[in-house]
Amino acid sequence: MTGRAMDPLPAAAVGAAAEKEADPQAADLPTPQAVEPQVIVQRAPAPSRMQMPQGNPLLLSHSLQELLARDTVQVELIPEKKGLFLKHAEYEVSSQRFKSSVYRRYNDFVVFQEMLLHKFPYRMVPALPPKRMLGADREFIEARRRALKRFVNLVARHPLFSEDVVLKLFLSFSGSDVQNKLKESAQCVGDEFMNCKLATRAKDFLPADIQAQFAISRELIRNIYNSFHKLRDRAERIASRAIDNAADLLIFGKELSAIGSDTTPLPSWAALNSSTWGSLKQALKGLSVEFALLADKAAQQGKQEENDVVEKLNLFLDLLQSYKDLCERHEKGVLHKHQRALHKYSLMKRQMMSAAVQNCEPESVEQLESRIVEQENAIQTMELRNYFSLYCLHQETQLIHVYLPLTSHILRAFVNSQIQGHKEMSKVWNDLRPKLSCLFAGPHSALTPPRSPPQSPPEDGLCPH
């Protein structure tokens, strides 16, 4: 198949029907519905078309700041509504770009993703978190809320999805039948291949070694994913330790307060030290305030690292996973269909040769010839789709690299969190130190903390403690 110029819409319309004939049971990719060619030809270019620089339309010109500035979507869990048997989680989805706030259920997100896959099967559509019907605890519901927020933000910032009517409906339609509205918007439209003017000429813009580049890019992004997955796991443990440290400090302070609040009377033989014990209890009770403050600072640091470090790592991992899923759809969908269509075509050609040798009836030969022509159209369309899929993969690979500077944002957030957290906790510890002088009674009732005599370092240079 060459990249010669041809009318894309009739070929796509014929190819869609031929694809179904070539493999009626294949369901890896959505089969677009044929649309009247003259209607589509007269239509203006879709606003969802990627903004591309002059010259080669394969190349994208976006920065990370531009993508992040497209929209910021908040997803918050609203109080559960109890049904007859199950509790249904509902979310408030707010968009800065559309200045909208709508309520969505998990199934609304599912339909939204299905419509994106129907219209853009060759693009990075992020995955959704699992539904988990029964036994969903608060921890699972919160994790799913965060995942849904990452999903919708990745979609809202994609150069192609961000201009599509499906996204606008999902983020701004306030009616009760949002799922039907989403499905109606995708009906009789077809997928991106049928609506893109460059679809049949995609091969002309691809480099000659596109297959080799695809294999290298896939391996590189697989390695990046594995490394960032490990970074995310370590960041989760660091944030979790900060939160655990906060809990330990709070309990430590409460135990000091419990000692200071002990009302058990002193025995007679300890009456001489009653003033010391009373002063000690008073001082210990006061220290619980500082430990509660330390616990609060540690908890704040842990929460900040969860939001600014772990969540950003999860966002990038979700994007990388969507790229991996796209590569699998390319191989299991377009390439697999193409191979099966070629196999079926070869079988038909053999049948045709056999019929010619056996001098079959003219009607049966004509039917076989007609089927061969249809199969040739199907193969032609599948080959065009294969190149268009590689074209989209090339652009999505560029999009991954646009997101790579997010690493510096993540590291900066992590470093700033550590500096700020240790700085604030250090101040509390320093404020706490003078209060320790009230805990120890020296000679003549002077309360001084014990001091260890200076020690000379051992000969081996190692500290004994």
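Values reported hereafter were calculated over all heavy atoms of this structure, with side chains retained and with hydrogens, waters and symmetry mates removed. Note that the structure is a prediction, hence the values are computed from the model and not measured.
Side-chain atoms of Thr407 come within 3.5 Å of backbone atoms of Leu404 as a donor-acceptor pair (strictly under, hydrogens ignored). Although no hydrogens or angles enter the test, the distance criterion places a donor-acceptor pair under 3.5 Å between the side chain of Arg157 and the main chain of Asp71. No side-chain donor-acceptor contact under 3.5 Å links Arg385 to the backbone of Phe193. Using a distance-only test at 3.5 Å, with no hydrogens or angles considered, no donor-acceptor pair links the side chain of Asn386 to the main chain of Met382. Distance alone, capped at 3.5 Å, is enough to place a donor-acceptor pair between the Ser100 side chain and the Leu171 backbone. At least one donor-acceptor pair closer than 3.5 Å links the side chain of Asn430 to the backbone N or O of Ser426. Checking side-chain atoms of Ser227 against main-chain N and O of Asn223 turns up a donor-acceptor pair under 3.5 Å. With hydrogens and angles disregarded, no donor-acceptor distance shorter than 3.5 Å links the side chain of Ser240 to the backbone of Glu236.
Rounding to the nearest 0.5 Å gives a distance of 11.0 Å between OG of Ser322 and CG of Leu317. Annotation: the span from Asp244 atom CG to Arg241 atom CZ amounts to 9.5 Å, rounded to 0.5 Å. Atom NZ of Lys297 sits about 11.5 Å away from atom NZ of Lys423, to the nearest 0.5 Å. Annotation: the span from Leu116 atom CG to Leu160 atom CG amounts to 9.5 Å, rounded to 0.5 Å. Interatomic distance, CG of Leu148 versus CZ of Phe109, reported as 4.5 Å (0.5 Å rounding). The CG atom of Leu411 sits 9.5 Å away from the CG atom of Leu406 when rounded to the nearest 0.5 Å.
The shortest side-chain heavy-atom distance between Lys183 and Asp177 does not fall under the 4.5 Å cut-off. Residues Leu231 and Phe316 form no side-chain contact, since every pair of their non-hydrogen atoms from C-beta on lies 4.5 Å or further apart. Side-chain contact between Phe112 and Leu167: present, with at least one pair of heavy atoms (C-beta onward) separated by less than 4.5 Å. You'll find the side chain of Lys131 stays beyond 4.5 Å of the side chain of Val110, heavy atoms only. You'll find the side chain of Ile224 reaches within 4.5 Å of the side chain of Leu220, heavy atoms only. Between His62 and Pro159, some side-chain heavy-atom pair lies under the 4.5 Å cut-off. Using a 4.5 Å heavy-atom cutoff, the side chains of Ile221 and Leu320 are in contact. Using a 4.5 Å cut-off on side-chain heavy atoms (C-beta onward), Arg97 and Arg70 make no contact.
Residues meeting the ring pair (Phe, Tyr, Trp, His ring centres under 6.0 Å) test with Tyr103, sequence neighbours left out: none.
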Pair Asp164, Met115 - check side-chain contact (heavy atoms from CB on, under 4.5 Å), show working. CA-CA 11 Å; Asp164 193 77; Met115 294 304 100; over 6 Å; no
In sequence, state the C-alpha distance, the side-chain angles, and the governing distance for Gln420 and Glu424, and then conclude on side-chain hydrogen bond (donor to acceptor under 3.5 Å, both in side chains). CA-CA 6 Å; Gln420 185 68 19; Glu424 292 180 357; 2.6 Å; yes
If you apply the rule side-chain hydrogen bond (donor to acceptor under 3.5 Å, both in side chains), what do you find for Arg412 with His409, and how did you get there? CA-CA 5 Å; Arg412 187 181 301 111; His409 293 230; 4.8 Å; no
Can you check side-chain contact (heavy atoms from CB on, under 4.5 Å) on Leu390 and Lys203, steps first, answer last? CA-CA 9 Å; Leu390 289 170; Lys203 182 181 179 181; over 6 Å; no
Evaluate Leu64 against Tyr403 for side-chain contact (heavy atoms from CB on, under 4.5 Å), listing each step before the verdict. CA-CA 6 Å; Leu64 178 61; Tyr403 267 92; 3.9 Å; yes
Candidate pair Arg329 and Asp325, rule salt bridge (Lys or Arg N to Asp or Glu O under 4.0 Å), full reasoning: CA-CA 6 Å; Arg329 287 203 303 273; Asp325 296 340; 5.7 Å; no
Does the side-chain contact (heavy atoms from CB on, under 4.5 Å) test come out yes or no for Tyr323 and Ser217, once each step is laid out? CA-CA 10 Å; Tyr323 182 86; Ser217 297; 3.9 Å; yes
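For Asp108 against Phe170, the heavy-atom pair with the smallest separation is O-CE1, 3.7 Å. When all heavy atoms are compared, the tightest approach of Asp191 to Asn195 is O-ND2, 2.9 Å. The minimum heavy-atom distance between Gln301 and Gly421, with the atom names listed, is OE1-CA, 3.5 Å. Leu60 and Gln398 get closest at one heavy-atom pair: N-OE1, 2.9 Å. Contact detail for Leu58 and Phe205: the closest heavy-atom pair is CD2-O, 3.3 Å. The two residues Pro126 and Gln113 come nearest to each other via the heavy atoms O-NE2, 2.9 Å.
The environment of CZ in Arg237 is sparse: at most 12 heavy-atom neighbours from other residues, nucleotides or ligands sit within 6.0 Å. Taking a 6.0 Å sphere around CZ of Phe173, one finds it holds more than 12 heavy atoms contributed by other residues, nucleotides or ligands. Enclosure of atom NZ in Lys324 by more than 12 non-hydrogen atoms of other residues, nucleotides or ligands within 6.0 angstrom is indicated. Annotation for Glu139: atom CD does not count as buried by contact number, only 12 or fewer foreign heavy atoms lying within 6.0 Å.
No option in Glu163, Arg123, Glu396 other than Glu396 meets the side chain to side chain donor-acceptor pair (under 3.5 Å) test with His158.
Taking the six-membered ring where the residue is Trp, His229 and Tyr225 present tilted rings, their angle falling between 30° and 60°.
Side-chain atoms of Gln96 and Gln74 form no donor-acceptor pair, as typed in the model, at a separation below 3.5 Å.
Taking the ring centroids of Phe214 and His330, they lie under the 6.0 Å cut-off. Ring pair Tyr91/Tyr106: centre-to-centre distance not below 6.0 Å.
Ion pair Asp431/Lys427 flagged as a salt bridge, since at least one NZ, NE, NH1 or NH2 atom sits closer than 4.0 Å to an Asp/Glu carboxylate oxygen. Arg145 has a carboxylate O that lies under 4.0 Å from a charged side-chain N of Glu142, or vice versa, which qualifies the two as a salt bridge.
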